[in-house]
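First up is the structure itself, then whatever we jot down about it.
Note that the structure is predicted; figures quoted are calculated from it, not measured. Here is the naming used below: chain letters follow the sequence lines, and residue numbers restart at 1 for every chain.
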2 protein chains.
Amino acid sequence: MAKPKKNEDVSAEERIKEAARKLFTEKGFDAVKTRDIAAEAGINLALLNYYFRSKQKLFDIVMIENFERFIKQLIPILGNEELSLDEILTQVTASYIDMLKLNPGLPFFIMNEMRSDSNKLQHVREKMAQVKARFLKRVEDTLLKKKISQANMAHMMMNFMGLIIFPFVAQPILMKVNNINKKEFDSIMEERKELVPIWLKAIMKANKF
Amino acid sequence: MAKPKKNEDVSAEERIKEAARKLFTEKGFDAVKTRDIAAEAGINLALLNYYFRSKQKLFDIVMIENFERFIKQLIPILGNEELSLDEILTQVTASYIDMLKLNPGLPFFIMNEMRSDSNKLQHVREKMAQVKARFLKRVEDTLLKKKISQANMAHMMMNFMGLIIFPFVAQPILMKVNNINKKEFDSIMEERKELVPIWLKAIMKANKF
DNA sequence: AAGTTTTTTAATCAAATGATTAAAAATATT
DNA sequence: AATATTTTTAATCATTTGATTAAAAAACTT
């Protein structure tokens, strides 16, 4: 009965994971049905449970990978002691925007699952906490050395994320309101690679801190 | 069998709507079960369908009300021809932050439902178009006079929303990352009422447009 | 108070959904 | 080629879930 297994370019297991990543990222845990994932991956439903035991376990795996993608790339830049604040801003901004153009749904997905602080994330919490801890230490060390006070760290982080990540989170709304298509949106994001660092520096100069 | 109806301070219908608003805003359409809403409202499941016909219809009602809350307050400010750009920035920022402190889940909810591009949002689209028209007429006039091109409108809208709305969208993450509680978060948002308009002006001055 | 209408409930239905099972098909091993 | 192992499938189960129904309870009308 079974379909042939050879002459596939990607294994069934990998196809399931990618289908799950796509759908979970698009629609969130509850909105995605295991049958949707099976259909998207072009495999039988039972196969999903054969490889991953349960929907929850599959989600956990995708979630951890997504989260790692989200912050991993920042570590080498933030950890580089030799970069000036200017250079850090420029590099991190460009790197982030590049990644988000490839994974526009990622921040939303992460925030979504973070917000509904349910037990869905209980399993992945610890692993994420580890990655996060490392990440934060780097960020704070780096920025504190650059004479940005702890009290203003929160503001600067909000500004940084707001200017870079928010457009992707609100992409559907922004495209409609500004009457632009995906290509034009991406082009605007490309412009922001140069603009956001300039603006962030302007912000830092503009007020008390 | 029925429970007494009198000496309730709020009608069952209203309690259902408020329970639905709370849960939908927190968790999104698919994650919320009609039985959750019934339990939260303290009523029998059948009563939900008696009053609202279906989960979808109940959602639509809550959704429209939420969205109206989200944009309603902008109209009087944007419509006031006597305000300068500075004053508009200051007032809209303060007004928005006040509203978001009361409804921190609102922008996320709207973006979430906007993203899953279902037909749920037909009404919302129209409302959005109205605000856009008004917003553009008022702000574009002002900004065009200040030689801000149409092309840069998109950037400025992203900046404005990013600096004000994003912190609320990412609130759970930001609270964890910066190790602050709700009260401290709100206090930071209070600071931003004054800071964001300053920063937005700094941004406008900082680059080519 | 009797009768009428509105509100609320318990019980139930039908479809959707996550998961399991036993067996078929493909692949690997000898 | 015969046998064992891995991969895949169809069929099925048990819960969950949105919705309906018939009737009880409360409120209203006369």
Side-chain angles (χ1 to χ4, degrees), chain A residues 1-63 113 116 118-124, chain B residues 1-63 113 116 118-120:
Chain A
M1 273 179 190
K3 231 188 278 180
K5 178 199 161 193
K6 49 170 159 184
N7 86 350
E8 288 173 0
D9 38 352
V10 190
S11 74
E13 187 172 357
E14 195 54 38
R15 290 214 314 285
I16 294 171
K17 226 169 68 174
E18 275 316 306
R21 183 191 317 288
K22 181 186 167 199
L23 293 177
F24 279 141
T25 305
E26 252 171 37
K27 314 178 12 170
F29 186 81
D30 290 280
V32 173
K33 309 307 170 189
T34 51
R35 281 164 178 81
D36 300 341
I37 300 176
E40 174 81 24
I43 51 96
N44 185 283
L45 172 59
L47 201 56
L48 186 151
N49 289 285
Y50 171 74
Y51 279 125
F52 299 97
R53 284 283 293 171
S54 74
K55 180 188 180 186
Q56 181 64 57
K57 290 231 170 65
L58 174 55
F59 176 85
D60 289 351
I61 290 171
V62 168
M63 182 69 192
E113 304 301 339
S116 66
S118 70
N119 47 6
K120 283 198 293 287
L121 287 169
Q122 214 50 52
H123 318 79
V124 286
Chain B
M1 275 175 189
K3 230 189 278 180
K5 180 196 156 193
K6 50 172 161 185
N7 84 351
E8 288 169 1
D9 38 352
V10 191
S11 73
E13 186 173 357
E14 195 54 36
R15 289 214 315 284
I16 294 171
K17 229 168 64 175
E18 275 316 305
R21 181 189 323 285
K22 180 185 168 199
L23 294 177
F24 280 141
T25 305
E26 251 171 39
K27 316 178 13 171
F29 185 81
D30 290 281
V32 173
K33 309 307 170 190
T34 50
R35 282 167 178 78
D36 301 341
I37 301 175
E40 174 81 26
I43 51 96
N44 186 283
L45 172 59
L47 201 56
L48 185 152
N49 289 286
Y50 170 75
Y51 280 125
F52 298 97
R53 284 281 295 170
S54 74
K55 180 188 181 186
Q56 182 65 59
K57 290 231 169 67
L58 173 56
F59 176 85
D60 288 348
I61 290 171
V62 168
M63 180 71 193
E113 303 303 336
S116 65
S118 69
N119 49 5
K120 275 176 285 204

Calculate the interatomic distance between [X] atom [atom1] and [N] atom [atom2]; express it in whole Å.
{"X": "A:Leu47", "N": "C:dA24", "atom1": "CG", "atom2": "C1'", "result": "14 Å"}
{"X": "A:Phe52", "N": "D:dT7", "atom1": "CZ", "atom2": "P", "result": "12 Å"}
{"X": "B:Asn44", "N": "D:dT17", "atom1": "CG", "atom2": "P", "result": "17 Å"}
{"X": "B:Lys57", "N": "D:dG18", "atom1": "NZ", "atom2": "C1'", "result": "13 Å"}
{"X": "B:Glu14", "N": "C:dT8", "atom1": "CD", "atom2": "P", "result": "13 Å"}
{"X": "B:Leu23", "N": "D:dT17", "atom1": "CG", "atom2": "C1'", "result": "15 Å"}

4.5 Å side-chain heavy-atom contact, A:Gln56 and A:Asp60: yes
Side-chain touch A:Thr34/A:Leu58, heavy atoms, less than 4.5 angstrom: no
Could you list all N or O pairs between the protein and nucleotides 16-19 of chain C that sit under 3.5 Å apart?
{"unit_1": "C:dG18", "atom_1": "OP1", "unit_2": "A:Lys55", "atom_2": "NZ", "d": "3.0"}
{"unit_1": "C:dG18", "atom_1": "OP2", "unit_2": "A:Thr34", "atom_2": "N", "d": "2.7"}
{"unit_1": "C:dG18", "atom_1": "OP2", "unit_2": "A:Thr34", "atom_2": "OG1", "d": "2.7"}
{"unit_1": "C:dG18", "atom_1": "N7", "unit_2": "A:Arg35", "atom_2": "NH1", "d": "2.8"}
{"unit_1": "C:dG18", "atom_1": "O6", "unit_2": "A:Arg35", "atom_2": "NH2", "d": "3.2"}
{"unit_1": "C:dA19", "atom_1": "OP2", "unit_2": "A:Lys55", "atom_2": "N", "d": "2.8"}

Which atom of B:Ile43 lies closest to which atom of B:Ala12, heavy atoms considered: CG2-CB, 4.2 Å
Spatial distance of atom CG (B:Leu23) from atom NZ (B:Lys33) [nearest 0.5 Å]: 12.0 Å
OP1 or OP2 of D:dT8 under 4.0 Å from side-chain N/O of A:Tyr50: no
B:Glu18/B:Arg15 ion pair, N-O < 4.0 Å: no
Sugar-phosphate only, base, or nothing, as touched by B:Tyr51 at under 4.0 Å among non-hydrogen atoms: sugar-phosphate
Parallel, tilted or perpendicular: ring planes of B:Phe24 versus B:Phe29, cut at 30 and 60 degrees: parallel
